[in-house]
J.: 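Before anything else, here's the structure in question.
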Amino acid sequence: MLPTEPTPEVRVPDDLPGWLVTFLRDAIRENDTLVENGARHAAVARAALLNRLIQAATAYQETELDIDQAAKLTGRHPETIRRAVRSGALPDLRSNPRGHHKVRRADLDRLARPRPGPYDPKADAQDIAKLRRLP
């Protein structure tokens with residue numbers, strides 16, 4: 001009997017988008033099923049592909065963008081991105097303090113998340129009324 005090589009380990013980084021983490025974890029479970037059913041070579045090939053996918057996704061997330069690129073990607077105004085950098089909500093990656101701001105693509109998820117529900121003026125008025133009634 002020939003010794004079998006171990007299936008390459010696939011480690012999923014935490015900073016990838018949630019949908020990709022879910023996909024990768026499902027694929028890892030499928031790999032385990034392949035190994036259990038004697039398809040070790042297929043599992044090894046899939047693990048190699050998953051590791052390449054993780055490397056590519058990580059490189060994509062680490063891409064540095066200028067303010068205009070970040071604004072276009074998030075659908076926000078460039079000044080909104082600048083304000084987020086100045087306030088510290090987005091890390092500033094520029095190497096020269098007098099240079100143009102740079103941000104990481106992965107950090108833009110903080111601004112790109114949908115805002116909580118539409119504005120409700122009645123609820124806002126009720127909240128203001130409650131605050132006025134406080135002693």
J.: Closest heavy-atom contact between Val103 and Ala70?
T.: CG2-CB, 3.8 Å
J.: What distance do Asn31 atom CG and Glu36 atom CD have between them, rounded to the nearest 0.5 Å?
T.: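 With rounding to 0.5 Å, CG (Asn31) is 11.0 Å from CD (Glu36).
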J.: Using a cut-off of 6.0 Å, state whether more than 12 heavy atoms not belonging to Asp14 lie near its atom CG.
T.: no
J.: Starting at CG of Leu50, measure out to CZ of Arg25 and round the result to the nearest 0.5 Å.
T.: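 Spacing of CG (Leu50) from CZ (Arg25) equals 13.0 Å.
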J.: Is it true that Arg29 and Asp26 make a salt bridge, defined as a side-chain N closer than 4.0 Å to a carboxylate O?
T.: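 Result for this pair is yes, salt bridge flagged.
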J.: Do Ile28 and Trp19 share a hydrophobic cluster (ILVMFWY, side-chain heavy atoms under 4.5 Å, transitive)?
T.: yes
J.: Could you list all the salt bridge (Lys or Arg N to Asp or Glu O under 4.0 Å) pairs where at least one residue sits in residues 56-71, not counting sequence neighbours?
T.: Glu62-Arg104
J.: Is a donor on one side and an acceptor on the other found under 3.5 Å between the side chain of Arg105 and the backbone of Thr63?
T.: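 No; judged by distance alone, with no hydrogens or angles, the pair does not exist.
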J.: How many angstroms lie between atom CD of Gln61 and atom CG of Asp107, to the nearest 0.5 angstrom?
T.: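 Between atom CD of Gln61 and atom CG of Asp107 there are 9.0 Å.
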J.: Can you spot which of Leu73, Leu65, Ile67 makes a side-chain contact (heavy atoms from CB on, under 4.5 Å) with Ile81?
T.: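 Looking at Leu73, Leu65, Ile67, the match for Ile81 under the side-chain contact (heavy atoms from CB on, under 4.5 Å) is Ile67.
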J.: Are Val10 and Leu53 linked, directly or through intermediate hydrophobic residues, by side-chain heavy-atom contacts shorter than 4.5 Å (ILVMFWY only)?
T.: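 Hydrophobic grouping puts Leu53 with Val10.
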J.: Hey, could you give me the NE2/CG distance between His101 and Asp92, rounded to the nearest 0.5 Å?
T.: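 With rounding to 0.5 Å, NE2 (His101) is 5.5 Å from CG (Asp92).
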J.: Which atom names give the shortest non-hydrogen contact between Pro13 and Ile54, and what distance separates them?
T.: CD-CG2, 3.7 Å
